[in-house]
K.L.:
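Okay, here's the structure, questions in a sec.
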Amino acid sequence: MAHLPILQFEEKIVETVENNPVVVIIGETGSGKSTQLSQILHRRGFTKSGTIAVTQPRRVAAVSVSRRVAQELGVTLGEEVGYAIRFEDRTSEKTVIKYLTDGVLLRESLSNPELNQYSVIILDEAHERSLNTDILLGLMKRLIKLRASNLKVLITSATLDGEKVSRFFSNCPILNVPGKLYPVEILHSSERPKSYIEAALKTAIDIHAREPEGDVLIFMTGQDDIEKMVTKLEERIQNLDEGSCMDAVILPLHGSLPPEMQVRVFSPPPPNCRRFIVATNIAETSLTVDGVVYVIDSGYVKQRQYNPSTGMYSLDVVQISKVQANQRAGRAGRTRPGRCYRLYPSMVYEDDFLDATIPEIQRSSLAGSVLYLKSLDLPDINILKFDFLDPPSFESLEDALKQLYLIDAISEDGSVTSLGRIMAELPLEPSLSRTLLEANDCGCLSQALTVAAMLSAETTLLSGRSKNTEKKRKNPPSDLPDGSGWGDHIQLLQIYEIWHQTDYNINWCKDNNLQVRGMKFVKEVRKQLSQIMQKIAKGSLDVKTSKRQKEGQDYRALRKALCSGYANQLAERMIRHNGYRTLGFKSQVVQVHPSSVLKPDEDGMLPNYVVYHELIATSRPYMCNVCAIEMAWVGPILSKLDELNVSKLSGGTSQSHEQTQVENSNLPKEDSHAPQPSDDHNERILAARERFLARKAKK
DNA sequence: GAGCACTGC
């Protein structure tokens, strides 16, 4: 412990923290900041008036670091030192050092906005700039004013970003704590290769033939490239002259690999054998592989981004940032001096790469975050003026407000409704929270809980694709249900109901190619959601998982509840073919994703109206996870869409509000229309729809 | 009829 560099700085740290409400710590890898900062402050009396909270972006980190600190202090984990992550709180009244994920701290802040139990809050790994960290940074800025006398905030950051964080916090002091990395020699290519797979391959073979022992870590963008790389590397190494170099093991490493394949990188290699680890950016921060001496960096990463003007996500290969490039290089210097081969010229690094990765808050849909901030009831809060370290675009915030308004989470003046307040309590996207509340009113809460939980885990549900077992949810190999033609949400419900009937049998998951880890997660989420719903309704709800019901049920109530939740995610089929047009603020032409189980009728036509969980632009714009709904449910939503006044929602001035009112009055109001008999639903829907389309055409 | 970076409440 005494060898950790950070301990030499104890006096300086304590002095700076005592004299300043906020301090930025630049701590390189191996500085010991994650384990030592909390212990130093505990030693020096900062836990007398409260607990020290240390946030981590990842759950495993919160658990492993707290375990380590408990060990170093010689206490039982969960007593003086503990951790809190989703589904698991290992703290007690005795706890004075608490490690937690930033998401958990945000939840705590919802019920206790001043976070009074904490005397110190350390935001660790803030340079990773997760969505939650960025929101916490904004909240901390307010909180230190509110609790000027009794709260200390420490933020750890990366070299390239520290100044910016300091400026955000009124130029607070920055402390540099050196790390314990060995030097890493950086070699740049003279030019960008035509194919970075080929370039990486050549570099890897060169290392293997000429360089002394030491493992090689190769950064690629995704599963496809990794598989190609692994195959080609195996071929080339076999073709090398027998005995000309040591043995080699080649290991792929990416997120959709089953856990038992992932942990292979942690077992030491046989003697006189070099390992090649071909990885995504999972090896950049999440997993640390020991023994790496050489890093090959393609300079690219796959990034998911949200486009607020279309409501569509895309997954793009983009250049990494300087922070990422340095992080990757650092992976070569953990055990001894290493070397990093960058497959791009130094000019590209200097001139093309951004200093830091675009923060998640500028790449995501913000409906959930905006609802969260609104329900905190901060005084003088105006979401458009909230002080973010890197503010999201106006367009993105406006998109979030529109979504929230359509699902009744905020009222037309932009204030949070009582419904919205309840929705914020649920750890779900607002669309699914709204679905649960509606389902509760329609008597299908139990089914909706299952659907929401299944969707929370969708990506971890299916086992990784493999060449010979092309099993899909789409073509159920055996017992897997097909959603009875109603679509993917219904299928997810049916899958869980069967699993429930098998008494949560793990072998059933394996037989049906469902990831055990994913299904267990679903079960936990469902339990958590049930508990929160029970708390809201004071325990009077039926949340029990139903047995799979008789064939032929039409899931009408559930589909209607989904329609309320997904009010901003409706689509209407176009005439005479199976393409759809979304019914949002900006209409998009989209297709149902080919993996969907939605079934056409006898004439080969898909349902006239559907809701979708997500739009994703890959080779074409697709709707992922769709569910058939009925036209009669669409009308009221379209009316609401029609009457939306965006400037009022975002707290615009009353002047601009009046202008819009005038504009609105040119349109026939529902009431001023020829009076409709209340049972003639369809005609009213059609009228609302026409007005909606006419208005859009005018824009 | 096509394709899945990584986290998290």
Side-chain angles (χ1 to χ4, degrees), chain A residues 55-62 84-89 100-111 125 128-136 219-227 253-257 262 279-287 298 300-305 313-318 320 324 357 359-360 363-364 368-369 371-372 423-430 432-433 452-453 456-467 470 472-475 515 521 524-525 528-529 531-532 578 591-598 600 614 616-622 624:
Chain A
T55 71
Q56 294 290 327
R58 278 170 296 279
R59 312 174 56 184
V60 276
I85 58 176
R86 187 178 190 178
F87 310 133
E88 203 184 353
D89 184 348
L100 69 179
T101 51
D102 38 25
V104 168
L105 189 62
L106 281 178
R107 286 287 135 190
E108 290 185 357
S109 165
L110 202 54
S111 51
E125 317 289 359
E128 289 188 26
R129 303 294 303 276
S130 76
L131 184 52
N132 288 338
T133 305
D134 269 27
I135 292 169
L136 280 174
F219 284 101
M220 293 276 121
T221 59
Q223 192 177 342
D224 264 0
D225 288 352
I226 289 173
E227 280 167 12
L253 181 63
H254 52 83
S256 42
L257 225 49
Q262 281 189 16
T280 59
N281 56 337
I282 195 170
E284 212 174 273
T285 48
S286 303
L287 295 179
S298 64
Y300 291 100
V301 69
K302 227 179 243 184
Q303 225 171 48
R304 191 174 141 97
Q305 16 227 2
Y313 280 95
S314 60
L315 196 62
D316 309 315
V317 174
V318 299
I320 58 172
Q324 276 179 295
T357 315
E360 212 186 333
R363 293 187 281 119
S364 322
S369 302
L371 178 59
Y372 171 84
M423 286 164 58
E425 296 271 333
L426 291 155
L428 289 172
E429 294 155 48
L432 290 174
S433 303
S456 299
E458 234 277 317
T459 49
T460 55
L461 233 49
L462 298 174
S463 291
R465 123 190 91 149
S466 57
K467 301 224 164 59
E470 267 289 297
K472 287 284 145 69
R473 270 207 288 136
K474 170 81 182 177
N475 303 309
Q515 263 195 37
F521 177 76
E524 291 245 49
V525 174
Q528 187 189 29
L529 297 176
Q531 283 165 350
I532 297 172
N578 279 337
Q591 309 284 130
V592 174
H593 196 274
S595 67
S596 174
V597 295
L598 190 72
E614 193 171 275
I616 177 128
T618 48
S619 56
R620 308 160 76 169
Y622 286 112
C624 290

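Throughout, protein chains are lettered first and strands after them, A, B, ... in sequence-line order, and every chain is numbered starting at 1.
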K.L.:
Where each residue is assigned the nucleotide of DNA chain B containing its nearest heavy atom, which of A:Thr221 and A:Gly103 is assigned the position nearer the 5′ end?
P.N.:
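Here A:Thr221 is the residue nearer the 5' end.
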K.L.:
From B:dT7, B:dA2, B:dG8, pick the nucleotide closest to the side chain of A:Arg59?
P.N.:
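Side chain of A:Arg59 sits closest to B:dG8.
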K.L.:
Could you point out which residue of A:Thr357, A:Ile320, A:Thr221 forms a side chain to side chain contact (heavy atoms under 4.5 Å, CB included) with A:Gln303?
P.N.:
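For A:Gln303, the side chain to side chain contact (heavy atoms under 4.5 Å, CB included) test succeeds with only one of A:Thr357, A:Ile320, A:Thr221, which is A:Thr357.
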K.L.:
Which nucleotide in the set B:dA2, B:dC9, B:dA5 lies at the smallest distance from any side-chain heavy atom of A:Lys302?
P.N.:
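Of B:dA2, B:dC9, B:dA5, B:dA5 is nearest to the side chain of A:Lys302.
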K.L.:
Mind checking A:Arg58 for me? I need base, sugar-phosphate or nothing, with any heavy atom below 4.0 Å counting as a touch.
P.N.:
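Answer is sugar-phosphate: A:Arg58 comes under 4.0 Å of backbone atoms only.
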K.L.:
Select one nucleotide: of B:dA2, B:dC4, B:dC6, the one nearest the side-chain heavy atoms of A:Pro594.
P.N.:
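Of the options given, the side chain of A:Pro594 lies nearest B:dA2.
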K.L.:
Using atom types as modelled and distance alone, determine if a side-chain donor or acceptor of A:Ser596 lies under 3.5 Å from a backbone N or O of A:His593.
P.N.:
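No: the side chain of A:Ser596 does not pair with the backbone of A:His593.
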K.L.:
Please report the distance, rounded to the nearest Å, between CD in A:Glu227 and C1' in B:dA5.
P.N.:
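Result: 14 Å.
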K.L.:
Using a 4.0 Å heavy-atom cut-off, does A:Asn132 contact any base of the nucleic acid, only the sugar-phosphate backbone, or nothing at all?
P.N.:
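No contact.
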K.L.:
Which whole-number value in Å describes the distance from A:Asp134 CG to B:dG8 P?
P.N.:
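In whole Å, B:dG8 P lies 17 Å from A:Asp134 CG.
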K.L.:
If you check every side-chain atom of A:Gln223, which of B:dC6, B:dA5, B:dA2 has the closest atom?
P.N.:
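The closest nucleotide is B:dA5.
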K.L.:
Could you tell me how far apart A:Asp316 (CG) and B:dC6 (P) are, to the nearest whole angstrom?
P.N.:
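A:Asp316 atom CG is separated from B:dC6 atom P by 16 Å.
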K.L.:
Calculate the interatomic distance between A:Tyr313 atom OH and B:dA5 atom P; express it in whole Å.
P.N.:
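Whole-Å distance recorded here is 17 Å.
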K.L.:
Assign A:Val301 to base, sugar-phosphate, or nothing according to its heavy-atom contacts below 4.0 angstrom with the strands shown.
P.N.:
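No contact at all - A:Val301 keeps every heavy atom at 4.0 Å or more from the nucleic acid.
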K.L.:
Tell me what A:Thr101 touches on the nucleic acid: a base, only sugar-phosphate, or nothing, going by heavy atoms under 4.0 Å.
P.N.:
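Since only primed, P, OP1 and OP2 atoms lie under 4.0 Å of A:Thr101, the category is sugar-phosphate.
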K.L.:
Of the listed nucleotides (B:dC6, B:dG3, B:dC9), which one gets closest to any side-chain atom of A:Ile282?
P.N.:
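Side chain of A:Ile282 sits closest to B:dC6.
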K.L.:
Could you tell me the separation between the CG atom of A:Leu426 and the P atom of B:dC9, rounded to a whole number of Å?
P.N.:
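Taking atom P of B:dC9 as the reference, CG of A:Leu426 is at 15 Å.
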K.L.:
Is it true that A:Arg58 and A:Glu128 have a side-chain N and a carboxylate O under 4.0 angstrom from each other?
P.N.:
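Answer for the salt bridge query: yes.
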K.L.:
Taking atom P of B:dC6 as reference, at what distance in whole Å does atom CD of A:Glu128 sit?
P.N.:
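About 14 Å, once rounded to whole Å.
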K.L.:
Please answer whether the main-chain N or O of A:Glu425 pairs with a side-chain N or O of A:Tyr372 as donor and acceptor at a distance below 3.5 Å.
P.N.:
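Side chain of A:Tyr372 to backbone of A:Glu425, a donor-acceptor pair under 3.5 Å: no, none is there.
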K.L.:
Checking one value: the base orientation of B:dC4, syn if chi is within 90 degrees of 0, otherwise anti.
P.N.:
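Syn, since the glycosidic angle lies within 90° of 0.
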K.L.:
What is the separation between atom CG on A:Asp225 and atom P on B:dA5, rounded to the nearest whole Å?
P.N.:
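Going from CG in A:Asp225 over to P in B:dA5 covers 9 Å.
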K.L.:
Would you say the side-chain atoms of A:Arg86 pair up with the backbone N or O of A:Gly103, donor to acceptor, closer than 3.5 Å?
P.N.:
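No: the side chain of A:Arg86 does not pair with the backbone of A:Gly103.
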K.L.:
Output the single nucleotide from B:dG3, B:dA5, B:dC9 whose closest atom is nearest the side chain of A:Thr618.
P.N.:
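Looking only at side-chain atoms, A:Thr618 lies closest to B:dG3.
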K.L.:
Expressed as a whole number of angstroms, how long is the span from A:Gln591:CD to B:dG1:P?
P.N.:
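From A:Gln591 CD to B:dG1 P: 9 Å.
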K.L.:
Contact class for A:Leu106 vs. all strands (heavy atom < 4.0 Å): base, sugar-phosphate, or nothing?
P.N.:
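No contact.
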K.L.:
For A:Tyr622, which contact category applies under a 4.0 Å heavy-atom criterion: base, sugar-phosphate, or nothing?
P.N.:
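Sugar-phosphate, backbone atoms only, no base.
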K.L.:
Verify side-chain hydrogen bond (donor to acceptor under 3.5 Å, both in side chains) between A:Asp316 and A:Gln305, making sure each step is shown before the conclusion.
P.N.:
CA-CA 8 Å; A:Asp316 309 315; A:Gln305 16 227 2; 3.0 Å; yes
K.L.:
Can you see if the side chain of A:Thr285 gets near the phosphate of B:dT7 - specifically, an N or O under 4.0 Å from OP1 or OP2?
P.N.:
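The answer is no; no side-chain N or O of A:Thr285 sits under 4.0 Å from OP1 or OP2.
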K.L.:
Using heavy atoms to find the nearest nucleotide of DNA chain B for A:Ala617 and A:Leu428 separately, return the residue whose nucleotide is more 5′.
P.N.:
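Here A:Ala617 is the residue nearer the 5' end.
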